[in-house]
Amino acid sequence: MAVPEQPLVAIVGPTGSGKTELSVKLAQHYNGEIICADSRTIYRGLDIGTAKPSQSERARVPHHMIDVVGPGESFTVVDFQRQATALIKDIRLRGKIPFMVGGSGLYIDSVLFDYKFTSHKPQTLTPDLLTKTVGELKDYCIDNNIELPENDRNKRYLIRAIQQKGVNRQRRSKPIEHTIVVGIATNKESLIARLRLRLNKIFTNKVVEETAIFGQRYGWNSEAMKGNVYRVAKQFIDGELTLEQAKEKALTLDWQLAKKQLTWLRRNPFIQWYSIEDAEKYISQLLEHRQRQ
RNA sequence: GCUGGGGUAGUGAAGCGGUCAAACACAUCAGACUGUAAAUCUGCCGGCAUAUGCCUUCGGGGGUUCGAAUCCCUCCCCCAGCA
């Protein structure tokens with residue numbers, strides 16, 4: 001008799017929408033484990049500025065994909081896809097429910113739609129292309145009959161197209177099997193209020209310290225230090241901004257991030273959008289139903 | 001009260017007689033996205049219109065001029081120095 005496979009519960013939404021609290025609550029209640037789909041919390045040590053799930057939250061439910069690399073190391077979607085996919089399988093094998101939660105749309109979709117990536121690391125064979133201008137790269141594509149990316153003024157995308165000899169669109173048309181995708185719907189006012197609240201908690205001596213330490217150790221231009229809070233905290237440290245100004249600026253960056261995340265998420269028609277309360281009810285209902293089977 | 005500087009689109013800031021709805025930056029709004037994704041890039045950004053089109057703007061009022069954000073007069077308000 002075939003045991004029905006555990007569903008993958010994906011909880012997505014903009015930064016600060018309350019995904020973490022909700023997922024911890026649900027995962028704890030329904031015997032789940034959490035996979036963080038977040039391009040920032042993968043870095044070891046960067047705890048406060050990335051609003052990682054707290055130690056107590058992590059004690060309540062096993063979390064994965066947090067602290068997987070050092071701030072100086074490289075980490076890409078491919079790494080995420082590979083590791084997250086393996087984790088989902090593993091969690092299911094142990095009879096538990098995988099919850100994939102986060103706001104990094106590319107990471108999420110790479111798993112949900114089973115993106116196929118080229119086998120090699122494109123960055124390793126680019127040096128000569130990097131020196132070319134956007135116009136030159138474009139001409140090269142046209143001359144060599146390479147399909148241009150939709151945004152043909154984006155150097156990175158042009159280079160990638162050349163390396164791959166075209167635009168990569170290999171993805172499933174529907175999410176992988178046994179998946180529930182829930183989006184946390186918010187409205188601007190309440191999300192901004194939440195973000196402001198969160199920033200007030202984040203902006204203490206501790207972030208300043210965290211920023212200073214890691215900025216010095218890994219360089220201000222390292223990928224890990226590009227998080228909203230760190231960029232602004234550095235300006236505070238340098239005396240370019242007062243504390244209040246820093247908070248305001250961080251709020252702007254957070255809101256811009258949230259909007260970008262929503263723009264990405266909006267194009268996925270399989271997301272079921274609910275308020276945080278309704279999302280909890282909806283997911284609970286589905287999981288209860290399964291348990292009774 | 002005197003002297004000097006200034007008031008330009010959401011903010012900062014160019015423009016200093018025509019090509020100005022007004023550079024640029026930021027913010028806002030919208031969008032793209034398959035190995036940096038909290039990245040990278042695009043469009044919009046006074047109002048109306050699909051538009052090479054029309055309308056209302058550059059502190060207020062009044063002039064000069066074919067034509068003014070740009071020159072003159074006057075009033076109001078800011079800032080600095082002197083009283």
Side-chain angles (χ1 to χ4, degrees), chain A residues 12-17 36-43 46 48-52 69 71-84 102-126 130 133-134 137-138 147-173 188 192 195 198-199 202 211 218-219 221-235 240-241 245 248-268:
Chain A
V12 302
T15 184
S17 57
C36 290
D38 186 313
S39 68
R40 297 294 119 181
T41 55
I42 52 155
Y43 293 113
L46 301 179
I48 308 163
T50 59
K52 270 183 200 169
V69 293
E73 296 174 65
S74 87
F75 186 89
T76 72
V77 217
V78 175
D79 301 309
F80 178 81
Q81 186 197 38
R82 192 178 300 132
Q83 294 179 38
S104 296
L106 178 63
Y107 285 13
I108 291 158
D109 282 0
S110 74
V111 173
L112 249 34
F113 295 100
D114 192 27
Y115 279 16
K116 301 291 185 222
F117 296 97
T118 42
S119 54
H120 55 268
K121 266 194 168 181
Q123 286 142 311
T124 57
L125 33 108
T126 58
L130 280 171
T133 66
V134 168
L137 291 168
K138 224 155 132 179
E147 184 190 358
L148 288 169
E150 174 158 339
N151 188 339
D152 60 13
R153 287 211 238 167
N154 191 328
K155 201 166 178 180
R156 287 186 186 179
Y157 292 2
L158 284 167
I159 290 175
R160 192 187 302 135
I162 292 169
Q163 292 166 331
Q164 295 174 161
K165 299 190 169 56
V167 177
N168 185 355
R169 291 215 182 74
Q170 293 184 64
R171 57 131 82 182
R172 287 177 180 237
S173 56
K188 183 172 178 176
I192 285 190
L195 290 170
R198 188 171 76 176
L199 283 169
I202 288 178
T211 304
Y218 298 101
N221 290 321
S222 64
E223 190 56 35
M225 297 312 288
K226 283 187 183 156
N228 292 169
V229 168
Y230 302 112
R231 280 195 266 171
V232 175
K234 177 180 192 302
Q235 291 186 287
E240 290 165 22
L241 298 174
Q245 289 172 325
E248 271 313 299
K249 184 157 183 196
L251 181 65
T252 300
L253 291 174
D254 273 357
W255 174 243
Q256 290 175 335
L257 202 218
K259 280 195 308 180
K260 250 196 299 192
Q261 291 173 313
L262 287 168
T263 299
W264 179 287
L265 262 18
R266 262 197 287 264
R267 68 184 189 165
N268 180 347

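A quick note: this is a predicted structure, and the numbers were derived from the prediction, not measured. Within every chain, numbering begins at 1; the chains are lettered A, B, ... in the order of the sequence lines, protein sequences first and strands thereafter.
Shown here, B:A27 forms no base pair; nothing in the strands shown gives a Watson-Crick or G-U wobble contact with both key distances under 3.5 Å. Base pairing of B:U50: no nucleotide in any strand meets the Watson-Crick or G-U wobble criterion (both distances under 3.5 Å). With a cut-off of 3.5 Å on both pairing distances, the Watson-Crick or G-U wobble partner of B:U40 is B:A32. The pairing partner recorded for B:C2 is B:G81, the criterion being a Watson-Crick or G-U wobble arrangement whose two distances lie under 3.5 angstrom.
Going from the C1' atom of B:G46 to that of B:U42 covers 23 Å, rounded to whole Å. The P atoms of B:U3 and B:U8 are separated by 24 Å, rounded to the nearest whole Å.
Annotation: ring-ring contact (aromatic ring centres under 6.0 Å, His included) contacts of A:Y230 (sequence neighbours excluded): none. For A:R172, the salt bridge (Lys or Arg N to Asp or Glu O under 4.0 Å) partners are A:D114, not counting sequence neighbours.
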Inset, instruction - Run the numbers on A:K249 and A:E240 for salt bridge (charged side-chain N to carboxylate O under 4.0 Å, His left out), then give the verdict. - result: CA-CA 12 Å; A:K249 184 157 183 196; A:E240 290 165 22; over 6 Å; no

Tabulate protein N/O versus nucleotide N/O from nucleotides 41-45 of chain B, keeping only pairs under 3.5 Å, one per line.
| unit_1 | atom_1 | unit_2 | atom_2 | d |
| --- | --- | --- | --- | --- |
| B:C41 | O4' | A:N154 | ND2 | 2.9 |
| B:C41 | O2' | A:N151 | OD1 | 2.7 |
| B:C41 | O2' | A:N151 | ND2 | 2.7 |
| B:C41 | O2 | A:N151 | ND2 | 2.6 |
| B:G43 | OP1 | A:R153 | NH2 | 2.9 |

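In this model, the phosphate group of B:A37 is not approached by any side-chain N or O of A:Q261 to a distance below 4.0 Å at OP1 or OP2.
A parallel orientation is assigned to the rings of A:Y107 and A:F80, their planes being inclined by less than 30° (bins at 30° and 60°).
With A:W264 as the aromatic partner, A:R267 meets the cation-pi criteria of under 6.0 angstrom to the ring centre and within 45 degrees of the ring axis.
In the set B:A27, B:U34, B:G31, B:A27 carries the atom at the smallest distance from any side-chain atom of A:Q256.
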